[in-house]
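These notes are about the structure you will find just below.
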Amino acid sequence: METGLRFGAPQRGHKSLPGRWRVLALVLVAALLAGLVWTRLAYWQVVRHVDLAANAQAQYREVVELPALRGAIFDRNLKQLVVNTTVYSAFVSPDQVPDSQRARVALALATVLGADAPSVNKVLASGKKFSYIARRFSKDKADRLRAMLLPGVGLEEEQQRAYLPGIAGSSLAANVLGFVNYDSQGQYGVEGYYQKQLAGTPGYISSYRDLANREIVLGTHTHQDPINGSDLVLSLDANIQYAAEQALAEGVQRDNAESGSVLIMDPSTGGIVAWADYPSYSANNFNHTDPALFKDNVLSYLYEPGSVMKVVTLSGAINVGAITPGTVISDPGVLSVGGYRIYDWDRANHGNVDYTYVLAHSLNVGAMKAMQAEGHDNFYKNLQAFGLTTPSGIDVAGENFVKLPSASQMADSQYATVSFGQGIDVNMVQMLSAVNVVANGGKYAPPHVVERVGTKLNPVLVQQQRQVISAATAAQMTTMMEAVVQKGSGSLARVPGFEKDETGKTGSSQIPVNGQYSSDVWTSYVGFLPAQHPRFTMLVVVRKPHYPGSDRNWTLNDGYLTAAPIWKVIAQNIVVDWHITPDR
C-alpha cells in the first residue's frame, strides 16, 4: 500500500498549471478593459472637457452682440462731415406667416416699402426661416409697418453713414472720405484706411435659455460693453472743399475734358485742405453707383506731370550749384539726346536765355541742360529727395505707385524727358508734396488728411521734417515761380491783389496709348500764395481737355488755358474765406 504521493501527481487543494494561466489571462483582460474604459473617460472628461462644455453651452446660451458706434468725421473747423443715422430693415419668417395671411402681408410690404408683391409672395411661399424684404429705409416706413402688426414680419435697426451734399448729385469730398458698406466695412478713402479706429469693438451680453426658449436666471449675465470707434478730425476745410468741387466741375465742362482733380495742401504741415474729383459720386448712394467712379483720380490714377516737373529739376540743379536763376544758355528749340531729337513745346529758336526765362516760358531744352549740368546721379538723388521715387504714404486707402527704374537702368533719353515731366509716372499727392518743398522753405512736409484720431495727434505733425533743398534755394525758386505768373505762362491764374505775390507753373504732357504718345494730354497748374509766406499750395490736373478751337490748334489744350483758370477761381475763394492779404 502506497502511503506517499506519486511524482507529478497534483496535490489536494491546488489547481493545475493550465487553470492558473486561464485565471491570469482573465485578470489581464479585465485590467485591459478597465484601462480602456478609464482612458476613454479621461479623454472625454479631461481632454475634450472644454469642447463638450462649449457645445453644451451653445445649445442653451444666447449671445447678443452690442454694436459699437462708428466714429464721426470732422473737418478742421470741427464741422461734422459724416454722421451716423438709424435706418431699418424689414425681414420675414415665411414659416410663421399663415397661408391665409400671405396675400395681406405681401400687399402691405409692397405698399409701404415699394417691394414687388409677386416676389414677396414667392418668398412667403418658400417656407424659409428668414429673408430680407427691404434694407435701410426710414423710421417713417418702419412706424407704418409696426402699426400693421403683420405676422412673421420683423424690423431690424441698423446704423448707416450719412454724408454732406456736394455738387451735381455727389456727396462732399466723396473721393477722399470713401464710404461704409452694408457689412460696416469702410471702403476707399479715409473710411477704408482708418476702418479699425473708426469701427471700434463690439460688445455682447449673454444669458441661458431652456429648450422652450425661456430665460434661465443663473445670476449676473455675462456682459461686455462695446468700445465705440474714435472720431477723426481732418485737415480738410469743408468750405474750401465745396468751392473746389464747384470750380472744378465748371472748368472740366468748359474744357470739354474727360475729368479733373484738385488737391490743396497746407504748406507748413502737409495737411490736405481740399481733395476734389469731377466727376464724382454720392457716398449716400454707393450701392447704385458705377464702381468705376470709386477709383480716386488724385491717389489711384498715375499721370506724367509735364512741365510742373521743371520746378523740381531746376531746384535740384540750383541746390548743387550747377546753375543759378541768371545762368544763360543757348536754346535753339531742340536738343539731341541718346539718338533722339527732343523739342521745346513751340519748336522755336529762343536764342540765349536765362533759367528764370526757361521756367517762365516752360522750355524743355533748358530743363534738359539743367539736368545735364547737374549730372545723372545728382538728378536721380534729387528725384528721391523730393519724394518722387517712393509712395507718398498718405493716410488714405488706395495709393497707386509705379517704381522708377534704378539710376543705372535709365537711358540718357529717359533722364532727358523726365527732366520736363515725361517718362515718369506719379500721383497728384506725390507731385504736390514735391512742389510744396519750395513753399515750405526747402523742407518736405509729409502729406496727410487726418490731424487727430480721438485725442491723439497724428505723429507726422510732430516729427521733424527733412530738408530737401536749402532755404536759399527755395527762396530763389520762389522768385522764379513768381516770374511765371508775372511774365510767363501763369498769367491766367493771377488773383486780383496778388499779381506780385503769387507763384505758379503750368504743365502739359501727352498721354501714352499702347506705348505711343497720343494727341490727348494731361494739363496742370501748380502754385502757392502769398509767395513769401504761403498759406496754401494747390495743384489742378485736367485729363483729356478739348478746349474750344483746339481741333484747329493743339496748343489750346495747355495748362495755362485749362487748369490755370480753375486754380484762380479756387484761390480767390480761399483768399476771401481765410481773409488772406498780400505781403506786398
Side-chain angles (χ1 to χ4, degrees), residues 65-76 78-87 89 135-136 156-166 170-203 226-236 238 241 245 263 271-272 274-277 280-301 391-401 427 429 447-460:
E65 183 178 280
L66 303 176
L69 188 65
R70 193 174 181 89
I73 301 178
F74 301 86
D75 82 341
R76 61 167 53 198
L78 299 184
K79 180 174 183 176
Q80 196 160 351
L81 302 174
V82 184
V83 298
N84 297 312
T85 60
T86 300
V87 291
S89 294
R135 301 291 303 272
R136 298 174 180 259
E156 184 179 83
E157 285 191 7
E158 297 184 79
Q159 292 295 311
Q160 179 172 289
R161 300 291 254 182
Y163 301 84
L164 297 180
S170 67
S171 55
L172 189 72
N175 293 89
V176 65
L177 292 177
F179 59 88
V180 179
N181 66 17
Y182 288 165
D183 295 323
S184 300
Q185 297 296 310
Q187 304 292 301
Y188 306 95
V190 170
E191 294 274 28
Y193 191 93
Y194 285 95
Q195 163 64 17
K196 183 177 179 180
Q197 294 89 336
L198 285 165
T201 305
I227 301 173
N228 291 335
S230 298
D231 294 339
L232 303 183
V233 177
L234 310 187
S235 52
L236 289 184
Q241 176 70 33
E245 291 182 6
L263 195 62
I272 301 301
W275 178 311
D277 282 301
S280 187
Y281 67 95
S282 173
N284 296 316
N285 197 31
F286 69 86
N287 56 322
H288 295 112
T289 298
D290 180 357
L293 290 174
F294 296 152
K295 182 178 179 181
D296 166 49
N297 286 330
V298 169
L299 195 60
S300 300
Y301 187 99
S392 72
I394 194 169
D395 53 347
V396 176
E399 178 166 16
N400 198 3
F401 166 74
N427 59 56
V429 179
H448 63 278
V449 172
V450 173
E451 301 270 298
R452 293 200 310 274
V453 180
T455 59
K456 295 181 179 179
L457 201 64
N458 191 327
V460 301

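These values consider heavy atoms only, across backbone and side chains, with no hydrogens, waters or symmetry-generated copies.
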With a 3.5 Å cut-off and no angle check, do the side chains of [X] and [Y] form a donor-acceptor pair?
X	Y	answer
S171	N284	no
D296	Y188	no
Q160	R70	no
E191	Q187	no
R76	S235	no
Q159	T86	yes

Rounded to the nearest 0.5 Å, what's the gap from [atom1] on [X] to [atom2] on [Y]? Could you check?
X	Y	atom1	atom2	result
F74	L81	CZ	CG	9.0 Å
H448	I272	NE2	CD1	8.0 Å
D231	L198	CG	CG	8.5 Å
S282	F179	OG	CZ	10.5 Å
L177	I73	CG	CD1	5.5 Å
R161	N181	CZ	CG	12.0 Å

How far apart are the closest heavy atoms of [X] and [Y], and which atoms are they?
X	Y	value
V429	S392	CG1-OG, 3.5 Å
G398	S300	O-OG, 2.7 Å
A397	G192	CB-C, 4.3 Å
E245	A173	OE2-N, 2.8 Å
S184	Q195	O-NE2, 3.3 Å

Above 12 or not: heavy atoms from other molecules or residues under 6.0 Å from CZ of R452?
no
Could you walk me through whether V190 and L232 pass the side-chain contact (heavy atoms from CB on, under 4.5 Å) check?
CA-CA 9 Å; V190 170; L232 303 183; 3.5 Å; yes
Check whether any side-chain heavy atom of Y163 lies under 4.5 Å from a side-chain heavy atom of N285, and answer yes or no.
no
Using modelled atom types and a 3.5 Å cut-off, is there a donor and acceptor pairing between side-chain atoms of [X] and backbone atoms of [Y]?
X	Y	value
Y281	A174	yes
D75	K79	yes
N458	E451	no
Q197	S230	no
S280	A276	no
D183	Q185	no
D277	N175	no
Q241	W275	yes

Pair E158 + R136: basic N to acidic O under 4.0 Å
yes
Relative to each other, are the rings of F286 and Y182 parallel, tilted or perpendicular (30° and 60° limits)?
perpendicular
